[in-house]
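First comes the structure, then the notes that go with it.
By convention in this document, chain letters (A, B, ...) are assigned in the order of the sequence lines, proteins followed by strands, and residues within each chain are numbered from 1.
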Protein chains: 2
Amino acid sequence: MATIGDVAREAGVSRSTVSSVLTGRKYVSPETRAKVDAAVAKLQFSVNAGARALATSRTMALGVVVGFHEAEFSPALAAYLIALSDAAREQGYSVVLLTEPDGVEAVRRAISGRQVDGFILLNVVDDDPRLEPINQARYPAVLLGMPQDTRGVDAVDLDFAAGAAMLVDHLADAGHREAVFLKWPEELYDSGSTYANRFASSARERAEQRGLRLVPVALPVGPEQVRAALRAVLQDPENPRALLIHNDAAVAMLPFALYDLGLEVPADRSVVSLHAAELARLYVLSFTSVESEPVAVCQTAVEMLAKRIASPDSPVQKRLIVPRLEAKGSVETVA
Amino acid sequence: MATIGDVAREAGVSRSTVSSVLTGRKYVSPETRAKVDAAVAKLQFSVNAGARALATSRTMALGVVVGFHEAEFSPALAAYLIALSDAAREQGYSVVLLTEPDGVEAVRRAISGRQVDGFILLNVVDDDPRLEPINQARYPAVLLGMPQDTRGVDAVDLDFAAGAAMLVDHLADAGHREAVFLKWPEELYDSGSTYANRFASSARERAEQRGLRLVPVALPVGPEQVRAALRAVLQDPENPRALLIHNDAAVAMLPFALYDLGLEVPADRSVVSLHAAELARLYVLSFTSVESEPVAVCQTAVEMLAKRIASPDSPVQKRLIVPRLEAKGSVETVA
DNA sequence: CCACAGCAGCGAACCGGTTCGCTGATCAAC
DNA sequence: GTTGATCAGCGAACCGGTTCGCTGCTGTGG
């Protein structure tokens, strides 16, 4: 309700002085500042975001661009959105949700309407088309995900390669010489999903180093299909008895498939996985695992974006958050 | 980049004429309009959201206030956020996420900073404190949830009472005379959660009408605790063999508990439940059930809010979205 | 005692739109 | 031919902040 003019009148000073107090950009004597503060409190004044945005050409808002993703695990999404919003608030920013199926269009509109100061892109893929309008307008942005080529944009992600290596090491250390590698659907790798590919190639590489034979199995889409596929994998006597999983649906469904076949962990099968932290919050997942770190990743992303906004020309940054492996006894030690 | 002044110059008209074309509020001859449209296209102009907000005192943004506890325990949340954002965009609004632990403070700040035109409150409880600043500032809002007293604010929610009645009917129709009612933790009811209480009292009432004896069991918090509690319930020979569930954690965990005890559905137990639609998308939930309708609920909420913003003094509305029961053969017909 | 530096606060201009009263042109009626 | 109504478009004022050059006062040094 109250405007800066009301505050000025109440405090007996000029509008510009009030502004100086509010922004802190100019020295104001303690006495005047006290008068202004009192007036602000009395009138319950707070700055009009739109007016300030117009004057400063800073909206203090970040656009969070959610990719279009039917197939992916959306329960995890909420954790990221909340973590992003919390981190943004801490830096004085608010978060605008951009969920348009056509992410490029969403970005374009937000830019030309000057709705945000920068973007955080979720579900990044290699050669992400959303980068085009962003780079063209020279807008600040941070990728949540680590494509091969970040095209001059800051990026942060979980270190899926490190996670994969940890899990492979864990199996190898326990004496395993071979393992089934339960992967995401093939399409995800083909579509250039950054994390899936980084995990897979790191797992392959480390497994080779450690002399662990990997039998890769791409799983289908859809809960029932996954369950059936898991059963098939578990039933095949040719398959190794250790399982390395990077597929949230499979992690969630595995207990059912084990149940179907009367198998026990770790007696009959050894299991390690990397999955969304959210999964473990709802289910008993007693698998030794590496969990995603939504809070750490999001906090880093927002900090990087805030810095990028402040200094657009500082060198491009890439940050990988190293996760922790939590042993839960789902791996049998073999001779 | 381009401002309305650039467009005016390019088109050879005044700024106000460009504005008339953009807003459509005033008649402009087809020829001038064509010139303006051409200039807009050529300069890739689109209005500066902040400037328009300042001039019109309409931000065209909606604040979505996410409750605190929700953050910890709702895989369904993402579905609601996306559905809200999609619906908002359809009405020309954008969505600002307000996730502050202290929801009241978040609302207060958004109001005094004029950041949004109205609010959508998630995870509403009876006597919700967030309504105080909203009502005091006479701000438009819509509740996603249906408290006893909506305090003059529009509200929309799934018709949990109807859902409960459907499920009770389904059991009674199949000849059951008694059922265990697996409920949320007691605290949820005590904290004034609107949907939990509406479901519970409707179930109780309908069960009485249909001569179905209900044995209520409030479940604990935490996956392992839930699993153990479920086992205890299933093991007790005194308990009825039919299960009426309103507790997402229990729905997700029940297959594990059944597995623990070697029980089959529907041979050993009949199961019906009401749960988040998200749950069924990820897991094999072959329980006869009523699912939440995030898209329908969110669309209605945004439409109601848009109307409320347009006409603040129209009569208060309450809408309940009636869900569908989907039979999946998890109920045994008894004599 | 005067000159000048330093400093707190003022005021005007500006950010990019919208709104509304007014102008000048066109045209019909008398 | 003059009057009056109609209408497209113009221009100034305004929304609520920020910014920056300027003013007038205080105080120090010569």
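A heavy-atom distance below 4.5 Å is found between the side chains of B:Leu81 and B:Val66. A:Val96 has its side chain out of reach of A:Leu62: every pair of non-hydrogen atoms, C-beta onward, lies at least 4.5 Å apart. Residues B:Phe119 and B:Leu98 form a side-chain contact, since some pair of their non-hydrogen atoms from C-beta on lies under 4.5 Å apart. The side-chain heavy atoms of A:Leu320 and A:Val322, taken from C-beta on, include no pair separated by under 4.5 Å. Between A:Ser292 and A:Val297 there is no side-chain heavy-atom pair separated by less than 4.5 Å. Side-chain contact check for B:Val302 versus B:Tyr93: every heavy-atom pair is 4.5 Å or farther apart. In this structure, A:Met60 and A:Arg52 have side chains that are not in contact, with every pair of non-hydrogen atoms separated by 4.5 Å or more. The closest side-chain heavy-atom distance from A:Ile4 to A:Val47 is not below 4.5 Å.
The residue among A:Tyr27 and A:Ser16 whose nearest nucleotide of DNA chain C is located toward the 5' end is A:Tyr27. Nearer the 5' end of DNA chain D, as judged by each residue's closest nucleotide, is the contact made by B:Glu31, out of B:Glu31 and A:Gly5.
At a threshold of 4.0 angstrom between heavy atoms, the contacts of B:Thr32 are confined to the sugar-phosphate backbone, with no base atom among them. Contact annotation for B:Ser14: base contact, defined as any heavy-atom pair under 4.0 Å involving a base atom.
Taking atom NZ of residue B:Lys26 and atom P of nucleotide D:dC7, one finds them 13 Å apart after rounding to whole Å.
Protein chain B contacts DNA chain C over a range whose 5' and 3' limits, counting nucleotides with an atom under 4.0 angstrom from a non-hydrogen atom, are C:dG16 to C:dG21.
Within residues 43-55 of chain B, the residues having any heavy atom under 4.0 Å from DNA chain D are, by residue number, B:Leu54, B:Ala55. Using a 4.0 Å cutoff on non-hydrogen atoms, the parts of residues 18-25 of chain B near DNA chain C are B:Ser19, B:Thr23, B:Arg25, ordered by number.
Listed by chain and residue number, A:Glu293, A:Ile321 satisfy the side chain to side chain contact (heavy atoms under 4.5 Å, CB included) test with A:Ala296 (two or more places apart in sequence, or in another chain).
Within 6.0 Å of CD in A:Glu105 there are more than 12 heavy atoms belonging to other residues, nucleotides or ligands.
Checking side-chain atoms of A:Thr150 against main-chain N and O of A:Ala155 turns up no donor-acceptor pair under 3.5 Å.
Each end of the helix from C:dC1-D:dG30 to C:dC30-D:dG1 gets its own axis, taken as the rotation carrying the C1' atoms of four end pairs onto the next four within a five-pair window, and the two axes meet at 60° to the nearest 10 degrees.
When each of A:Arg319, A:Gln317, A:Arg308 is checked for a side-chain hydrogen bond (donor to acceptor under 3.5 Å, both in side chains) with A:Asp154, only A:Arg308 meets the rule.
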Atom pairs and distances, donor-acceptor, side-chain atoms in residues 131-147 of chain A, under 3.5 Å, two or more places apart:
{"residue": "A:Asn135", "atom": "ND2", "partner": "A:Arg151", "partner atom": "O", "Å": "3.3"}
{"residue": "A:Tyr139", "atom": "OH", "partner": "A:Val116", "partner atom": "O", "Å": "3.3"}

